Amino acid sequence: MTEKETTFLKTEITDCSGSLFSIQNLKTSSEIALPLFDRHGDQISVDVENDGDRYLVSDDGYIVNDLIASGIKLTDQRLEAIKRICKQNSVVFDEEDFELRIHCSRADLAQTIHSFGQILTQISDL
């Protein structure tokens, strides 16, 4: 992301949440460490990529893959719970790589990042 986009993200997120966070610029996206924690106590991060006039917010498959790596089986019941949470919040769940993602407009970006972080926390706790 460009420096201008990163500055926009910092301003918007601070205005929306008033919380502490950090942004790391990557080659094609920005990684945002949110003031939220997964079930291990690790800070939750999301990737934000500019997709033309829209933004893609993603966990890069971290949350569900972490459940699997921790020995938690993705039973039919657990998969249905993940799908239900995603559907209720317009989040796409990719069952091949377990990525959770959502698209949003620039105007909705800060609120989407905040809400998406809450969704990731909810799924992490399954």
Side-chain angles (χ1 to χ4, degrees):
M1 288 197 140
T2 67
E3 189 62 37
K4 184 178 180 180
E5 290 171 320
T6 301
T7 301
F8 167 76
L9 281 173
K10 286 180 184 178
T11 303
E12 289 295 305
I13 295 170
T14 301
D15 288 349
C16 178
S17 69
S19 300
L20 300 174
F21 63 93
S22 64
I23 296 180
Q24 179 180 356
N25 247 353
L26 306 174
K27 192 169 191 160
T28 60
S29 64
S30 290
E31 180 183 60
I32 302 174
L34 302 172
L36 301 169
F37 299 89
D38 66 13
R39 58 194 187 77
H40 303 294
D42 296 330
Q43 196 167 18
I44 292 178
S45 295
V46 298
D47 271 1
V48 178
E49 185 176 333
N50 187 323
D51 190 17
D53 63 343
R54 312 261 313 149
Y55 285 84
L56 172 66
V57 182
S58 164
D59 81 329
D60 281 337
Y62 171 77
I63 295 295
V64 176
N65 279 306
D66 178 62
L67 291 172
I68 294 167
S70 296
I72 296 173
K73 293 187 181 352
L74 289 183
T75 61
D76 289 342
Q77 183 179 2
R78 188 166 278 121
L79 277 171
E80 286 306 312
I82 292 169
K83 290 176 189 177
R84 185 175 51 255
I85 292 167
C86 290
K87 185 177 180 179
Q88 290 170 345
N89 295 284
S90 301
V91 171
V92 174
F93 173 51
D94 186 326
E95 292 186 59
E96 289 185 28
D97 63 8
F98 303 120
E99 179 184 35
L100 300 164
R101 63 182 175 266
I102 189 167
H103 281 88
C104 66
S105 67
R106 182 178 178 132
D108 295 331
L109 183 59
Q111 183 58 50
T112 298
I113 291 169
H114 177 74
S115 298
F116 189 68
Q118 297 292 328
I119 293 161
L120 297 180
T121 300
Q122 186 178 6
I123 292 172
S124 175
D125 288 341
L126 288 177

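Computed from a predicted model, the values in this text were never measured in an experiment.
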>> Pair Phe93, Ile85 - check side chain to side chain contact (heavy atoms under 4.5 Å, CB included), show working.
In response: CA-CA 10 Å; Phe93 173 51; Ile85 292 167; over 6 Å; no

>> Between Phe98 and Tyr62, is the side chain to side chain contact (heavy atoms under 4.5 Å, CB included) condition met? List the steps.
In response: CA-CA 8 Å; Phe98 303 120; Tyr62 171 77; over 6 Å; no

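In this structure, the separation between CZ on Arg106 and CG on Asp53 is 11.5 Å, given to the nearest 0.5 Å. Here the OG-CG distance, from Ser45 to Leu34, works out to 6.5 Å after rounding to the nearest 0.5 Å. Between Ile44 atom CD1 and Thr121 atom OG1 the span is 3.5 Å, to the nearest 0.5 Å. Between His103 atom NE2 and Leu109 atom CG the span is 12.0 Å, to the nearest 0.5 Å. Separation of atoms CG (Leu56) and OG1 (Thr112) is listed at 11.5 Å; rounding is to 0.5 Å. A distance of 6.0 Å separates CG in Asp47 from OG in Ser58, rounded to the nearest 0.5 Å.
With sequence neighbours left out, Ser105 forms a side-chain hydrogen bond (donor to acceptor under 3.5 Å, both in side chains) with Asp108.
Pairs engaging residues 56-78 under the salt bridge (Lys or Arg N to Asp or Glu O under 4.0 Å) rule: Arg39-Asp66 [sequence neighbours left out]. Counting only residues at least two apart or in different chains, side-chain hydrogen bond (donor to acceptor under 3.5 Å, both in side chains) contacts with residues 84-97 comprise Lys83-Glu95.
Transitive grouping of hydrophobic side chains (ILVMFWY, heavy atoms separated by less than 4.5 Å) keeps Ile119 and Val92 in distinct clusters. Under the 4.5 Å side-chain heavy-atom criterion for Ile, Leu, Val, Met, Phe, Trp and Tyr, Val91 and Leu74 are members of the same hydrophobic cluster. No continuous path of hydrophobic side-chain contacts links Phe37 to Ile123 [ILVMFWY only; heavy atoms under 4.5 Å].
In this structure, Leu36 and Gly117 approach most closely via the heavy-atom pair CD1-C, 3.4 Å. Minimum interatomic distance between Ile72 and Leu126 (heavy atoms only, all atoms of both residues): CD1-O, 4.4 Å. Residues Cys86 and Leu100 come closest through the heavy atom pair SG-CD2, 3.5 Å. Nearest approach of Phe116 to Val57, heavy atoms of both residues: CD2-CG1, 3.6 Å.
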